[in-house]
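Okay, so here's the structure we're looking at.
When a ligand or atom number is given, it counts from 1 through the structure's own listing order. Note that the numbering runs from 1 along the sequence shown for the chain.
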Amino acid sequence: MAGQVERLGLAKIERHIFLCAQQSKPKCCSFEDSTESWVYLKKRIGELGLTQGKRVVYRSKVDCLRVCAHGPICVVWPDGIWYQRATPEVLERILQEHVLGGRPVSEYVIAAPAEDGDQAEP
Ligand code: FES
């Protein structure tokens with residue numbers, strides 16, 4: 001167990017991206033579009049060296065994030081920033097500008113924590 005935990009870099013996870021993809025009932029976008037986004041996200045996280053080392057970014061495919069419109073929908077934790085229309089192009093911006101640069105991609109944000117800790121829409 002400890003070896004697997006270390007191999008996965010669980011203690012070094014900086015961010016975790018959840019993407020609505022390959023849904024059992026596609027509602028926010030087509031199955032094909034979400035698959036394209038999922039494949040792209042996995043590939044780019046690997047290419048950017050974010051699967052191991054100091055900065056580890058996890059990605060998980062989820063069946064539905066309950067927004068069900070203008071997808072693919074994704075959310076970046078622990079920031080609590082929700083995005084719409086997470087196409088490969090938008091995911092690239094999320095990786096470059098938000099994950100690596102620390103600045104959410106505001107034009108695609110649909111919800112983010114407010115200053116007082118409540119969730120707020122932009
Ligand atoms: S099907 Fe994507 S958020 Fe519900």
Side-chain angles (χ1 to χ4, degrees):
M1 173 67 115
Q4 178 74 344
V5 168
E6 186 168 333
R7 186 185 69 75
L8 292 170
L10 298 186
K12 297 177 183 172
I13 293 175
E14 188 174 274
R15 287 197 170 88
H16 195 154
I17 302 173
F18 295 87
L19 177 71
C20 176
Q22 299 181 329
Q23 315 92 324
S24 55
K25 293 180 183 173
K27 295 180 195 167
C28 65
C29 65
S30 72
F31 183 93
E32 292 75 17
D33 284 350
S34 72
T35 297
E36 182 183 13
S37 289
W38 174 242
V39 169
Y40 186 84
L41 181 63
K42 285 196 301 183
K43 180 183 74 140
R44 288 297 290 145
I45 285 175
E47 288 173 351
L48 291 167
L50 298 172
T51 58
Q52 55 190 343
K54 284 185 180 176
R55 302 182 87 173
V56 173
V57 175
Y58 245 50
R59 75 288 188 282
S60 294
K61 171 179 59 176
V62 299
D63 191 57
C64 175
L65 285 166
R66 303 183 66 191
V67 177
C68 302
H70 306 297
I73 299 296
C74 83
V75 57
V76 180
W77 290 103
D79 312 291
I81 307 284
W82 291 71
Y83 288 101
Q84 64 178 333
R85 304 183 197 282
T87 61
E89 294 78 16
V90 173
L91 286 167
E92 183 66 31
R93 290 191 59 193
I94 292 169
L95 288 169
Q96 296 293 340
E97 297 174 31
H98 181 165
V99 173
L100 295 174
R103 299 175 314 279
V105 186
S106 58
E107 62 259 53
Y108 295 99
V109 172
I110 55 173
E115 294 291 320
D116 61 7
D118 286 341
Q119 198 79 10
E121 294 181 17

Under 2.8 Å from atom 4 (Fe) of ligand 1, is there any N, O or S atom belonging to C28? no
Confirm or rule out an N/O/S atom of C64, from backbone or side chain, lying less than 2.8 Å from atom 4 (Fe) of ligand 1. yes
Pull out every atom of ligand 1 sitting under 4.0 Å from any heavy atom of R66, numbered as shown with elements. 3 (S), 4 (Fe)
Check: S34/Q22 side-chain N/O donor and acceptor closer than 3.5 Å: no
Which atoms of ligand 1 sit under 4.0 Å from any heavy atom of C20? 1 (S), 2 (Fe), 3 (S)
Give me the residue, atom name and distance of the protein heavy atom closest to atom 3 (S) of ligand 1. C68 N, 3.1 Å
Would you give the length of the straight line joining atom CG of L41 to atom CD1 of I94, rounded to the nearest 0.5 angstrom? 8.5 Å
Please could you name the atoms of ligand 1 that V67 approaches to less than 4.0 Å, counting only its heavy atoms? 3 (S)
Taking N, O or S atoms only and a limit of 2.8 Å, check whether C29 reaches atom 2 (Fe) of ligand 1. no
Numbered atoms of ligand 1 (with element) below 4.0 Å of K27, judged on heavy atoms: 1 (S)
Interatomic distance, CD@E97 vs OH@Y108, rounded to 0.5 Å, equals 10.0 Å
From T51 atom OG1 to R59 atom CZ, the distance as rounded to the nearest 0.5 Å: 8.5 Å
Residues A86 and L91: closest non-hydrogen pair is O-CD1, 3.5 Å
Could you give the distance from CG (L10) to OH (Y58), rounded to the nearest 0.5 Å? 4.5 Å
